[in-house]
2 protein chains.
Amino acid sequence: MNAKAKAAPKIEPLSTRQQIIEYSADMLRANGFEGFSYLDISRHLGITKASVHHHFPKKVDLGLALCDWTQDWFEQGISHFDAKATSNWNKLERYVRAAMKHSLNEQKLCPISAFYSDLNKLPDSIKERVKALDDYELDWVTQVMQDGIENNEFTANQNPRALASLFIFSCKGALYYARLHGKDLFQQTMKQFEHLIKP
Amino acid sequence: MNAKAKAAPKIEPLSTRQQIIEYSADMLRANGFEGFSYLDISRHLGITKASVHHHFPKKVDLGLALCDWTQDWFEQGISHFDAKATSNWNKLERYVRAAMKHSLNEQKLCPISAFYSDLNKLPDSIKERVKALDDYELDWVTQVMQDGIENNEFTANQNPRALASLFIFSCKGALYYARLHGKDLFQQTMKQFEHLIKP
DNA sequence: CTCAGCCTACCTACTGGTAGGTAGGCTGGT
DNA sequence: ACCAGCCTACCTACCAGTAGGTAGGCTGAG
């Protein structure tokens, strides 16, 4: 009985609620929070709009669930980078590679950027969550910079957080550019950053 | 007659078409291209939606007019920076100051960023224009970097375009962040960039 | 007369949402 | 075993307002 239960989770289909979240996360990252609707979701999943409302009564409820989703997604990504990386720079390389893969191969933006696109239309509850997600990401990269500076992997720097900021935002911005122009400048930009911070 | 015509331009009200463009530019920079409608415009200007359609039959027509507007806006900005600046770094400082003023004081994003927010929903004709606007901006900053490198204002660098990319995208990204978190990290990020490229 | 610029009235399709309902499953009391 | 009560999950039908857009008409300046 217990052995049977253990084997089952792998095969179990996603609940409707989880399907809604996963699809919404894709849409968020493709078109932003205002760029998809309950009708889109219902059509994609083959259920009615009212059923979507059943699980997420208002769109802000869905938005908050997407913030939870983003937090989990970050946590998983970061664990993976921390576990697999061979150096601090390699952590950043993995971050960049993942971001590039999502953006250029899958047309999926960073979820935080996607929320920012519609910042003026977001309710305060979502803004607060986005703010926290921002800092979650920035804290991790700041720590990577700090560690890299301390072990002399990166040149001495008095402000690892500003360095992290430079890294994250140029990476994301160059990925936006790459969507229209190709990935060449993106790669050069990341190489440039490496050149500027390594001895 | 000629003297009378010369004195008049200062007092002349904007044409309805120009009013539509100006207001649309504000809306583009606040909410993105998909984030405002002909109804919004008509309500703001006190005309009907059909009148807006008269001037811009389809939204893509308005979008292209906004690309023209953005080109002019860039040209004016760049002329001003080139005319007033006391060094290459000062050109970049003026760019940053202007961007910060627009973003934080007036809640107006860079129009290019605003178009990118809705990239997946833009018709190809607008995408081509956005692509050209991107390169117009990047070309100018690249030239500033090149000049700065050549006159030893900035440290030697083999790739001024990638440096320009790092500058522009980190500036814009940090301004997004600043909208939720305040301008502190934005300023530190720009200071960090200065620190990294100056001898 | 012509026509740019505006209007009213209308269209289809969509937006987030509401109200009332059905169906199937679970649970605990009898 | 039966079943009332409850729950979850879905449905149909509807709401008010809005999205980009169309068709036909009026008006005043040139």
Side-chain angles (χ1 to χ4, degrees), chain A residues 5 8 12-25 27-28 30-67 114-115 117-127, chain B residues 1 4-5 8 12-28 30-67 114-115 117-126:
Chain A
E12 193 164 290
L14 287 180
S15 69
T16 300
R17 186 177 189 275
Q18 198 57 34
Q19 285 180 69
I20 292 169
I21 291 171
E22 301 283 351
Y23 182 67
S24 297
M27 287 293 102
L28 169 71
N31 300 323
F33 189 60
E34 294 287 315
F36 70 97
S37 67
Y38 275 30
L39 189 62
D40 293 326
I41 298 164
S42 65
R43 281 189 170 144
H44 180 79
L45 298 182
I47 58 176
T48 63
K49 198 156 55 97
S51 301
V52 180
H53 277 291
H54 170 79
H55 292 278
F56 300 100
K58 293 170 186 293
K59 203 166 177 187
V60 63
D61 303 314
L62 180 58
L64 292 170
L66 288 171
C67 291
F115 276 119
S117 296
D118 294 301
L119 195 64
N120 281 341
K121 297 196 176 179
L122 296 181
D124 286 348
S125 54
I126 297 185
K127 282 185 186 173
Chain B
M1 184 72 89
K4 201 156 197 182
E12 194 164 289
L14 288 179
S15 69
T16 301
R17 185 177 188 277
Q18 197 56 34
Q19 284 180 67
I20 293 170
I21 291 171
E22 301 283 353
Y23 181 67
S24 296
D26 284 350
M27 286 293 100
L28 170 70
N31 299 324
F33 189 60
E34 293 287 317
F36 70 98
S37 66
Y38 276 28
L39 189 61
D40 293 326
I41 298 164
S42 65
R43 281 191 171 143
H44 180 79
L45 298 183
I47 58 177
T48 63
K49 199 156 54 101
S51 301
V52 181
H53 277 289
H54 171 80
H55 292 278
F56 301 99
K58 293 169 186 292
K59 203 165 176 185
V60 63
D61 302 314
L62 180 58
L64 292 170
L66 287 171
C67 291
F115 276 119
S117 296
D118 293 300
L119 196 63
N120 282 340
K121 297 197 175 178
L122 296 182
D124 287 347
S125 54
I126 297 185

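Chain naming here is simple, since letters A, B, ... match the order of the sequence lines and numbering starts at 1 in each.
- Between B:Ile41 atom CD1 and D:dG20 atom P there is a gap of 8 Å when expressed in whole angstrom units.
- Using a 4.0 Å cut-off, no side-chain N or O of B:Ser37 falls inside it from OP1 or OP2 of D:dT18.
- The two residues B:Gln19 and B:Leu14 come nearest to each other via the heavy atoms NE2-O, 3.2 Å.
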Between the protein and nucleotides 11-13 of chain D, which nitrogen or oxygen pairs come in under 3.5 angstrom?
from   : atom 1 : to      : atom 2 : distance (Å)
D:dC11 : OP2    : A:Thr48 : N      : 2.7
D:dC11 : OP2    : A:Thr48 : OG1    : 2.8
D:dC11 : OP2    : A:Ser51 : OG     : 2.3

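- One interatomic measurement links the two molecules: CG of B:Leu39 to C1' of D:dT18, which rounds to 7 Å at whole-angstrom precision.
- Counting to the nearest Å, the C1' atom of D:dG24 and the NE2 atom of B:His53 are 16 Å from each other.
- If you measure from atom CG of B:Leu45 to atom P of C:dC6, you get 10 Å, rounded to the nearest angstrom.
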Might you work through the side-chain contact (heavy atoms from CB on, under 4.5 Å) test for A:Phe56 and A:Arg17, ending with a clear yes or no? CA-CA 8 Å; A:Phe56 300 100; A:Arg17 186 177 189 275; 3.6 Å; yes
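- What separates CE of A:Met27 from P of C:dT15 is a distance of 12 Å, to the nearest Å.
- Distance NZ (B:Lys121) to C1' (D:dA19): 11 Å, rounded to an integer number of Å.
- The two atoms that bring B:Glu34 and B:Lys59 nearest to each other are CA-NZ, 4.3 Å, heavy atoms only.
- Looking only at distances, no side-chain donor or acceptor of A:Asn31 sits under 3.5 Å from a matching main-chain atom of A:Phe36.
- If you measure from atom CZ of B:Arg17 to atom P of C:dG5, you get 10 Å, rounded to the nearest angstrom.
- Regarding contacts with the backbone of D:dC10, a side-chain N or O of A:His55 is found under 4.0 angstrom from either OP1 or OP2.
- Phosphate proximity of C:dG16 to A:Lys58: absent, as no side-chain N or O sits under 4.0 Å from OP1 or OP2.
- Between the CG atom of A:Leu62 and the P atom of C:dT15 there is a distance of 14 Å, rounded to whole Å.
- Side-chain N/O atoms of B:Arg43 include one lying less than 4.0 angstrom from OP1 or OP2 on D:dT18.
- Using a distance-only test at 3.5 Å, with no hydrogens or angles considered, no donor-acceptor pair links the side chain of A:Tyr38 to the main chain of A:Thr48.
- The only member of B:Asp118, B:Leu119, B:Val60 that meets side chain to side chain contact (heavy atoms under 4.5 Å, CB included) when paired with B:Phe33 is B:Asp118.
- No contact: B:Phe56 has no heavy atom under 4.0 Å from any strand.
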Decide side-chain contact (heavy atoms from CB on, under 4.5 Å) for B:Leu45 and B:Val52; before the verdict, give the C-alpha distance in whole Å, the side-chain angles of both, and the deciding distance to 0.1 Å. CA-CA 10 Å; B:Leu45 298 183; B:Val52 181; 6.0 Å; no
